There are 2 protein chains.
Amino acid sequence: MTKKATPSPEAIKAWARLMRVSRQLMESAEDALKESSLPPLAWYDVLHELAEAGEGGLRPFQLIERTLFAQYNISRLLARLEADGLIEKLPVADDGRGQTIRISAKGREMRRQMWAVYGRSITELVDAKLSADELTMVSALLGRLRHPPVVDW
Amino acid sequence: MTKKATPSPEAIKAWARLMRVSRQLMESAEDALKESSLPPLAWYDVLHELAEAGEGGLRPFQLIERTLFAQYNISRLLARLEADGLIEKLPVADDGRGQTIRISAKGREMRRQMWAVYGRSITELVDAKLSADELTMVSALLGRLRHPPVVDW
DNA sequence: AGGCAATAGATGCAATTGCATCAAGCTTGA
DNA sequence: TCAAGCTTGATGCAATTGCATCTATTGCCT
């Protein structure tokens with residue numbers, strides 16, 4: 001008798017839900033930003049990390065670790081953010097290859113504006129639908145699906 | 001005193017987990033397909049719907065409802081699938097605008113091959129990490145996050 | 001019938017993504 | 001010390017996505 005490698009029905013359903021719900025929610029949030037003429041979510045992710053990093057800033061490769069974006073993606077995203085004056089690129093003293101990315105005042109302001117809209121989306125899409133306990137449960141379960149190299153999120 | 005519209009910490013965490021985990025899992029699955037020189041997941045989604053629909057096929061707008069892809073996206077995806085001989089486009093008798101999309105034998109075979117890899121990913125990424133009960137719980141909780149116009153999935 | 005809004009699908013063009021590769025600067029080991 | 005290899009970040013080019021718009025029908029209303 002040969003081994004059946006097909007996933008369980010429960011796994012298939014959970015996978016399908018995960019893919020669909022996440023896409024749907026992400027789109028809703030993106031739409032809300034667009035309606036407010038704000039940049040896409042990816043910008044928020046980066047501005048958020050940079051804001052948390054403070055004055056010391058972050059190196060691009062650190063942003064890659066934190067956001068899970070591809071290297072070329074970050075490279076170009078940073079170029080756009082810089083063109084919009086939301087970040088500054090500074091040379092690094094002890095590594096001639098690298099740069100340090102620091103959020104600018106304008107960048108902080110943009111992050112604030114985006115959060116006003118983004119946060120509202122989260123409230124409506126998530127907070128309004130599940131209780132705190134249920135949300136904690138979701139986080140715990142999803143946390144177990146993370147891939148090995150988990151940092152801390 | 002003004003109302004603070006910020007979502008709860010639980011909601012923020014659940015949102016973050018959802019976005020990150022779903023992206024990570026999706027990428028893993030895509031990578032597995034690429035390693036096997038198979039087409040991207042989007043192709044699977046469409047082939048899957050068409051296979052379930054059987055000989056009667058589906059209209060493009062029905063695929064849009066089922067897969068949540070944008071209209072122009074489906075339009076072009078179908079063009080690529082047709083170019084690869086995985087589907088057929090047939091005229092519709094009672095609606096001169098429309099077409100019916102039917103999966104071809106080659107399309108069924110491709111779906112089968114993709115499932116061999118995709119299913120394995122789901123097994124490894126999901127089945128191996130959570131019990132059936134936990135998966136059912138995940139599905140139930142995520143289900144509550146779906147947007148109103150839910151069909152049946 | 002005749003016009004007018006709505007629906008189904010395609011498409012031109014700009015922006016973004018993905019892939020592969022590159023250049024420049026570090027690091028290490030013989 | 002210096003060549004080989006690794007890391008950091010950028011970039012040319014092709015494929016895909018997003019947006020806006022277009023064409024062809026169809027359905028509806030008078």
Side-chain angles (χ1 to χ4, degrees), chain A residues 23-24 26-46 49-50 57-84 87-102 149, chain B residues 23-24 26-46 49-50 57-84 87-102 149:
Chain A
R23 249 193 296 178
Q24 210 174 38
M26 170 105 68
E27 252 170 55
S28 295
E30 292 275 19
D31 287 350
L33 288 171
K34 252 174 287 192
E35 270 171 40
S36 302
S37 304
L38 290 168
L41 269 184
W43 289 40
Y44 181 85
D45 289 346
V46 168
E49 294 298 337
L50 290 175
L58 287 176
R59 301 276 305 263
F61 72 87
Q62 294 178 298
L63 281 170
I64 291 169
E65 294 166 2
R66 286 167 170 69
T67 60
L68 307 183
F69 288 136
Q71 183 271 320
Y72 55 79
N73 231 327
I74 283 289
S75 178
R76 282 156 168 159
L77 182 43
L78 291 176
R80 283 173 232 149
L81 289 169
E82 187 184 30
D84 270 40
I87 63 165
E88 298 172 296
K89 294 184 174 183
L90 333 155
V92 173
D94 54 330
D95 189 341
R97 294 165 299 184
Q99 40 187 305
T100 294
I101 309 297
R102 193 163 57 194
Chain B
R23 249 192 295 176
Q24 209 174 39
M26 170 104 71
E27 252 170 56
S28 294
E30 292 276 20
D31 287 350
L33 288 171
K34 252 173 288 190
E35 271 171 40
S36 302
S37 305
L38 291 168
L41 271 183
W43 289 38
Y44 182 85
D45 290 345
V46 168
E49 295 298 337
L50 290 175
L58 287 175
R59 303 275 305 264
F61 73 87
Q62 294 178 298
L63 280 169
I64 291 169
E65 293 166 2
R66 287 167 169 68
T67 62
L68 308 183
F69 289 135
Q71 184 270 320
Y72 54 80
N73 231 327
I74 284 289
S75 178
R76 283 156 167 159
L77 182 43
L78 291 177
R80 283 172 232 150
L81 288 169
E82 187 184 30
D84 270 40
I87 62 165
E88 298 172 297
K89 295 184 174 183
L90 334 155
V92 173
D94 54 330
D95 188 341
R97 296 165 297 183
Q99 41 188 304
T100 294
I101 310 297
R102 191 165 56 193

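By convention in this document, chain letters (A, B, ...) are assigned in the order of the sequence lines, proteins followed by strands, and residues within each chain are numbered from 1. Just so we're clear, the structure is a prediction, and the values are computed from it rather than from any experiment.
Proximity of D95(B) to R59(B): side-chain heavy atoms (C-beta onward) are separated by under 4.5 Å at one or more points. When side chains are defined from C-beta on, D84(A) counts as touching W43(A), because their heavy atoms get closer than 4.5 Å. In this structure, K89(A) and I101(A) have side chains that are in contact, with non-hydrogen atoms separated by less than 4.5 Å. Proximity of R66(A) to L58(A): side-chain heavy atoms (C-beta onward) are separated by under 4.5 Å at one or more points.
Nucleotides of DNA chain C that come within less than 4.0 Å of any heavy atom of chain B span, from the 5' end to the 3' end, dT7(C) to dC19(C).
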Quiz item: Base, backbone or nothing for each nucleotide of nucleotides 22-29 of chain D, written B, S, -, heavy atoms under 4.0 angstrom, 5' to 3'?
Solution: --BBS---
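For the pair S75(A) and N73(B), nearest-nucleotide mapping onto DNA chain D gives the more 5' position to S75(A). Position along DNA chain C of the nearest nucleotide to R76(A) versus P60(B) favours P60(B) as the more 5'-ward residue.
Considering OG1 of T67(B) and CD of E65(B), their distance stands at 9.5 Å, rounded to 0.5 Å.
Between the NZ atom of K89(A) and the P atom of dT8(D) there is a distance of 16 Å, given to the nearest Å. Nucleotide dA20(D) holds its P atom 10 Å from the OH atom of Y72(B), rounded to whole Å. Rounded to a whole Å, the CZ atom of F69(A) is 17 Å from the P atom of dG9(D).
With sequence neighbours excluded, no residue forms a salt bridge (Lys or Arg N to Asp or Glu O under 4.0 Å) with R80(B).
Across all strands shown, Q71(A) has heavy atoms under 4.0 Å from base atoms, whether or not it also approaches the sugar-phosphate.
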Quiz item: Please walk me through it: do L33(B) and Y44(B) pass side-chain contact (heavy atoms from CB on, under 4.5 Å)?
Solution: CA-CA 10 Å; L33(B) 288 171; Y44(B) 182 85; 5.7 Å; no
Practice problem: Output, in order, the C-alpha distance, side-chain angles, deciding distance and verdict of side-chain contact (heavy atoms from CB on, under 4.5 Å) for L63(B) and L77(B). | Solution: CA-CA 11 Å; L63(B) 280 169; L77(B) 182 43; over 6 Å; no
